[in-house]
Number of protein chains: 2
Amino acid sequence: MNFTKTTEYGLRIMSYMSLDNSKLYTANDLFNNLQIPFRYLRKQLNFLSKQGLLVSIQGKQGGYQIAKPLHEITLLNIVEATDEVIPENKCFFGFHDCPLTEKCSMHDKWGDVRDATLEILRTTTLFDLNKEKCSINLSLK
Amino acid sequence: MNFTKTTEYGLRIMSYMSLDNSKLYTANDLFNNLQIPFRYLRKQLNFLSKQGLLVSIQGKQGGYQIAKPLHEITLLNIVEATDEVIPENKCFFGFHDCPLTEKCSMHDKWGDVRDATLEILRTTTLFDLNKEKCSINLSLK
DNA sequence: ATTTAATGATACCTTTAGGGGTTATTTAAA
DNA sequence: TTTAAATAACCCCTAAAGGTATCATTAAAT
Ligand code: SF4
Ligand code: SF4
């Protein structure tokens, strides 16, 4: 009932980098701010680049940058890129195809929760996070 | 973003057995209806008994039975018994203690989703499932 | 050209969830 | 009292997620 660590890391990274999407962020910079194990962070930055969410620039003065306009990247994009589990069509009881002859009450009840959750992920972009002052981009302690 | 298999199995088991909470269900019966690997099912029935959600009766004609009145067992009880992850206090970005000086927008936004989700789990009992005709208890194909 | 500061690639290690196998124990029924 | 049908206990196997280590590559700065 929560995201994988990999997804959480992805959300942190993208959220943090969306503060200034013209800036190049080094892995070291991100490491100092996002509480992600360094090696794993490196791996994931690499991965996010391949996924097209980041652009990486090698060499001295290199780093990473968000690849697209902020309003074009939704939270769901990040979740899906880091954890293919969401689109998986499983019901409350974990069935892929329902073994029942008629739908149970949890079907709609839980379906509503799921829909509401996905709706937030689908409609919230990195631009929105900043607009609404998601201060993971504002001020670290 | 979904329950563990173990939790899903737990929900299936308890939901199915709540149809008739006076009946003894054998592992074999549950196996034939709930699409759970037999050995793993056995292990989990054992576990649920130790957790106090089921009562087990050994020997010939033995089996398992729901341990308490249906209205005293919430879905959250089952989730918590099978997967200690929910109460874990992690935010949208996976932080246990927030590194920010002021709360970000996802804090409340996601907090609301989480609260709504937990509220359903906390307030829905096995009795409610049956009352509302959750037909995992009604008719298998 | 050489150095240095950055990322890329690859392979390995560790932990945990999920699943399986075997033998012991219990108890109703024959 | 023996047998059969059930659960209990214990140990091991596998795959995937999370994390680590090492070396190669790039490119700006000197
Ligand atoms: S009706 Fe119930 S058991 Fe069937 S798919 Fe929906 S939630 Fe799952
Ligand atoms: S304010 Fe944002 S970063 Fe801090 S705990 Fe809440 S959701 Fe997490």
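The structure displayed is predicted, hence computed values, not measured ones. Numbers restart at 1 for each chain; the letters A, B, ... are given by sequence-line order, proteins then strands.
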Options [options], nucleotide nearest the side-chain atoms of [X]:
| X | options | answer |
| --- | --- | --- |
| A:N46 | C:dA28, D:dG19, C:dG8 | C:dG8 |
| A:R39 | D:dA21, D:dT25, C:dA9 | D:dA21 |
| A:P37 | C:dG8, D:dT20, D:dG18 | D:dT20 |

For [X] and [N], give me the distance from atom [atom1] to atom [atom2], rounded to whole Å.
| X | N | atom1 | atom2 | answer |
| --- | --- | --- | --- | --- |
| B:R42 | C:dG18 | CZ | P | 19 Å |
| A:F47 | D:dG18 | CZ | C1' | 14 Å |
| B:K5 | D:dA15 | NZ | P | 15 Å |
| A:Q44 | D:dA17 | CD | C1' | 12 Å |
| A:K50 | C:dG8 | NZ | P | 8 Å |
| B:Q61 | C:dT25 | CD | C1' | 17 Å |
| B:L41 | D:dA6 | CG | C1' | 13 Å |
| A:N2 | D:dA17 | CG | P | 15 Å |

query: Of the options A:N32, A:L34, A:N33, which is the one that meets A:L30 in a side-chain contact (heavy atoms from CB on, under 4.5 Å)?
result: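 Result: among A:N32, A:L34, A:N33, A:L34 is the only option passing the side-chain contact (heavy atoms from CB on, under 4.5 Å) with A:L30.
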- request: Using a 4.0 Å heavy-atom cut-off across all strands, classify B:F38 as base, sugar-phosphate, or nothing.
  value: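 Answer is nothing: B:F38 stays at 4.0 Å or more from every strand.
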Any side-chain N or O of [X] below 4.0 angstrom from OP1/OP2 of [N]?
| X | N | result |
| --- | --- | --- |
| A:T6 | D:dG18 | yes |
| A:Y9 | D:dG18 | no |
| B:Y40 | C:dG21 | no |
| A:T26 | C:dT7 | no |
| B:K60 | D:dT2 | no |

message: Does the Lys NZ or Arg CZ of A:R39 fall within the cation-pi geometry relative to A:F31 - under 6.0 Å from the ring centre and within 45° of the axis?
response: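 Judged by the rule (NZ or CZ under 6.0 Å from the ring centre, within 45° of its axis), A:R39 is not positioned above A:F31.
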- prompt: Within 45 degrees of the axis of the six-membered ring of A:F95 and under 6.0 Å from its centre: does B:R12 put its NZ or CZ there?
  reply: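 The answer is yes; both the distance and angle limits are met.
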Residue closer to the 5' end of DNA chain D, A:T7 versus A:Q58 (nearest nucleotide):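 Its nearest nucleotide being more 5', the pick is A:T7.
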message: Both A:I57 and B:L45 contact DNA chain D. Taking the nearest nucleotide for each, which residue is further toward the 5' end?
response: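 Checking each residue's closest nucleotide, the 5'-ward one belongs to B:L45.
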- prompt: Does the side chain of A:T6 come within less than 4.5 Å of A:D83's, by heavy atoms?
  reply: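 Heavy-atom side-chain distance check fails, nothing below 4.5 Å.
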message: Would the base of C:dG18 count as contacting B:K43 through its side chain, where contact means a donor and an acceptor less than 3.5 Å apart?
response: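 It does not, because no donor-acceptor pair links the side chain of B:K43 to the base of C:dG18 below 3.5 Å.
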Close aromatic pair by centroid cut-off 6.0 Å: A:F93 and B:Y9: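 So the answer is no for these two rings.
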